[in-house]
2 protein chains.
Amino acid sequence: MKLGEGVEHAIHSVTLLAALQPGRVLPAAALAEFHGVSPSYLLKHLQALSGAGILATVPGPNGGYRLAKSTDKVTLLDIVLAVEGAQPAFRCTEIRQRGPNPIGGVPTAPCEINAAMLKAERAYRTELAKVRIADILGELDSNDEDGRIDARRCAFFEVRERRQALS
Amino acid sequence: MKLGEGVEHAIHSVTLLAALQPGRVLPAAALAEFHGVSPSYLLKHLQALSGAGILATVPGPNGGYRLAKSTDKVTLLDIVLAVEGAQPAFRCTEIRQRGPNPIGGVPTAPCEINAAMLKAERAYRTELAKVRIADILGELDSNDEDGRIDARRCAFFEVRERRQALS
DNA sequence: GATTTTGTACTCGGATAGGAAGTGTCCGAGTACACATGG
DNA sequence: CCATGTGTACTCGGACACTTCCTATCCGAGTACAAAATC
């Protein structure tokens with residue numbers, strides 16, 4: 001039971017991109033610099049998010065990443081699944097069928113242990129699916145009474161954001 | 001988000017040991033043979049379960065493993081934590097404090113993302129804590145209408161179980 | 001001066017090394033039984 | 001025949017290699033802008 005470090009990077013990156021104004025993008029290098037992580041490595045996860053349809057990319061100079069959906073259409077579950085993969089954490093290998101005396105012949109009833117583990121994971125994913133990026137942003141602004149965090153973001157955007165050419 | 005294969009081995013082993021009659025133990029080699037897995041590797045996880053107080057060990061000839069608690073006192077969560085470790089799956093490294101412009105000075109408010117991830121994992125663990133080994137055994141017996149699974153277990157016990165010397 | 005052409009700089013994208021953790025295996029410490037030995 | 005001592009075989013326990021996945025990095029493909037050359 002362990003999640004990769006990339007999940008944290010991905011969520012924070014999406015949250016930062018969600019604060020961008022429409023028509024603006026942010027290069028991966030800027031995201032990496034803002035969070036103090038390796039640009040090359042962050043790029044890998046951003047590609048995963050892009051492949052999952054969460055982020056959209058703009059190539060070339062003045063290019064970068066932006067959200068592909070509205071902030072209330074992206075949940076934490078979407079990000080986790082995009083980065084970690086969609087396969088369940090517990091994978092039943094049917095070890096009851098192995099060994100010297102398997103339950104051969106009978107129509108295999110579902111493994112009770114597997115069912116219980118999957119049910120728990122379903123609860124986990126349901127909880128993650130409840131949290132939208134919009135909610136995260138809302139809580140973040142609520143805790144930012146004096147507007148310092150918002151000011152910090154704006155100052156960073158002023159320097160690193162790229163205005164996308166109107167198509 | 002991935003659980004080791006040892007979790008499955010551990011749960012199945014505990015379930016099998018739960019079907020033992022009182023005063024009987026089963027060697028690790030027998031558990032491994034029954035499940036068709038490597039004895040040496042299974043032993044590692046059995047030791048973890050023993051260290052967590054879930055299993056009790058009896059050394060020497062006619063020794064082996066048995067449950068240390070009642071079947072309704074052991075949950076799936078206990079086993080998962082014993083094998084995988086108790087640390088949470090998502091570990092916040094506070095990357096918002098890193099980078100060129102951290103949120104220095106202010107008393108650090110808790111990270112909203114970390115809070116959401118931990119809440120989801122709490123739901124996961126709560127669900128696992130609901131399932132006791134006794135429940136698993138009950139479901140297993142319910143699905144075993146003709147008693148074939150029970151007969152298989154008994155036949156195996158007949159050969160491999162060890163009667164513990166009365167102390 | 002306007003248009004076309006060319007060059008450059010910047011972006012993302014996928015393929016490539018390094019390291020940590022899980023997986024699998026081995027040998028040593030300890031104990032109970034069985035047997036041989038002595039009373 | 002019974003008690004005692006000794007040996008052996010079996011168990012768990014922790015220390016040691018191997019494989020896989022995550023982490024980190026590099027170089028190449030593509031694009032938009034800018035400048036220069038041409039009409």
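All chains are named by letter (A, B, ...) in the order of the sequence lines, taking the proteins before the strands, and each is independently numbered beginning at 1.
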At under 4.0 Å, does any side-chain N or O of [X] touch on OP1 or OP2 of [N]?
X	N	value
A:T57	C:dG13	yes
B:Y41	D:dA17	no
A:S38	D:dT25	yes
A:Q47	C:dG14	yes

Nearest whole angstrom, please: distance from the [atom2] of [N] to the [atom1] of [X].
X	N	atom1	atom2	result
B:L3	C:dG22	CG	P	11 Å
B:R91	D:dC22	CZ	P	13 Å
B:L43	C:dC26	CG	P	13 Å
A:H45	C:dG14	NE2	P	15 Å
A:K2	C:dT23	NZ	P	11 Å
B:N62	C:dA34	CG	C1'	12 Å
A:R163	D:dC33	CZ	P	13 Å
A:R162	D:dC33	CZ	P	13 Å

For this session: Could you tell me whether A:L46 contacts a base, only the sugar-phosphate backbone, or nothing, with contacts defined as non-hydrogen atoms closer than 4.0 Å?
Result: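 No contact.
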Problem set entry | Most 5' of B:E84 and B:G60 on DNA chain C, judged by nearest nucleotide |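 Between the two, 5'-proximity favours B:E84.
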Exercise. Nearest nucleotide by nearest heavy atom, which residue falls closer to the 5' end of DNA chain D, A:P59 or B:A28?
Worked result: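 So the residue in question is B:A28.
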Exercise. 5'-most contact on DNA chain D: A:P61 or B:Y65, nearest heavy atom basis?
Worked result: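 On the 5' side of the pair lies B:Y65.
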Problem set entry | A:E33 and A:R160 ion-paired at < 4.0 Å |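 Result for this pair is yes, salt bridge flagged.
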Exercise. Ion pair present between A:E94 and A:R96, side-chain N to carboxylate O less than 4.0 angstrom?
Worked result: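 Salt bridge present between A:E94 and A:R96.
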Problem set entry | Test side chain to side chain donor-acceptor pair (under 3.5 Å) applied to B:T93 and A:E8, A:E5, A:H9, the passing residue |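 When side chain to side chain donor-acceptor pair (under 3.5 Å) is applied between B:T93 and each of A:E8, A:E5, A:H9, only A:E8 qualifies.
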For this session: Nearest 0.5 Å please: distance from the CG atom of A:L81 over to the CD atom of A:Q87.
Result: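 Here the interatomic distance stands at 11.0 Å.
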Exercise. B:I113 and side-chain contact (heavy atoms from CB on, under 4.5 Å): which partner among A:V14, A:L140, A:I11, A:V131?
Worked result: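 Only match with B:I113 under side-chain contact (heavy atoms from CB on, under 4.5 Å): A:I11.
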For this session: Kindly indicate whether the side chain of B:K44 and the base of C:dG24 share any N or O donor-acceptor pair separated by less than 3.5 Å?
Result: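 Per atom types, the contact qualifies.
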